[in-house]
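Quick notes on the structure that follows.
Each residue takes its place number in the sequence, starting with 1.
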Amino acid sequence: GQRAEGGGSLEVDALTRNSLIRHYLRAGRPEGAFRVFSEARRRGQTPPANLKVLAALAEGCSAASEGAETEEEGRRWMGRALELYA
């Protein structure tokens, strides 16, 4: 991978992205998993090719919504879950 100019984020291939997403979810950090997904989408890269990874990410967003401390945070996480399939 390469470092993005000025952005400080690392560009990775699809397999590495899937691994990062799974790692964040197993660690109970859906925000990290969703960030990996969002940054890839922003760059025009493909979403996770593995449907199990996509489903796990959706489940992570749903769990974060259920565990949200505020209604607004819960809505944001449910919106993220829906965004995965857009």
Side-chain angles (χ1 to χ4, degrees):
Q2 300 175 311
R3 274 216 188 263
E5 291 264 335
S9 60
L10 190 62
E11 292 184 31
V12 296
D13 61 43
L15 292 176
T16 303
R17 276 196 309 276
N18 286 352
S19 293
L20 285 169
I21 288 169
R22 284 193 304 269
H23 166 76
Y24 279 121
L25 292 172
R26 279 195 300 268
R29 296 181 54 205
E31 68 282 351
F34 193 79
R35 186 180 66 244
V36 171
F37 171 83
S38 294
E39 287 179 9
R41 179 177 271 177
R42 183 179 51 78
R43 291 187 186 114
Q45 297 166 336
T46 59
N50 184 329
L51 292 177
K52 287 184 178 183
V53 173
L54 193 59
L57 185 50
E59 288 174 18
C61 289
S62 180
S65 174
E66 291 173 15
E69 294 183 12
T70 66
E71 203 172 306
E72 180 182 332
E73 182 184 1
R75 280 195 303 271
R76 184 172 59 246
W77 277 109
M78 283 310 294
R80 289 174 175 172
L82 293 173
E83 188 179 321
L84 297 173
Y85 298 99

How would you list all residue pairs meeting salt bridge (charged side-chain N to carboxylate O under 4.0 Å, His left out) that involve residues 53-73, not counting sequence neighbours?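 For residues 53-73: Glu71-Arg75.
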Minimum heavy-atom separation for [X] to [Y], with atom names?
X	Y	result
Leu15	Asp13	N-OD1, 3.2 Å
Gly74	Ala68	N-CB, 3.4 Å
Ala33	Leu57	CB-CD1, 3.6 Å
Gly60	Pro30	O-CB, 3.8 Å

What is the distance from atom [atom1] of [X] to atom [atom2] of [Y], rounded to the nearest 0.5 Å?
X	Y	atom1	atom2	answer
Arg41	Arg17	CZ	CZ	11.5 Å
Gln45	Glu39	CD	CD	9.5 Å
Glu83	Trp77	CD	CH2	10.5 Å

With clusters defined by side-chain heavy atoms of hydrophobic residues (ILVMFWY) lying less than 4.5 Å apart, directly or transitively, does Met78 cluster with Leu25?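 Hydrophobic grouping puts Leu25 apart from Met78.
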Determine, using the 4.5 Å side-chain heavy-atom cutoff (strictly less than), whether Leu54 and Leu82 are members of one ILVMFWY cluster.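 No; tracing contacts between hydrophobic side chains, which count when under 4.5 Å, never links both residues.
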Indicate yes or no for a side-chain donor-acceptor contact from Ser62 to the backbone of Ala58 under 3.5 Å, with no hydrogens or angles considered.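 Between the backbone of Ala58 and the side chain of Ser62 there is no qualifying donor-acceptor contact (under 3.5 Å).
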Do Ser38 and Arg35 touch side chain to side chain, with heavy atoms closer than 4.5 Å?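 The answer is no, as the side chains (C-beta and beyond) never meet within the 4.5 Å cut-off.
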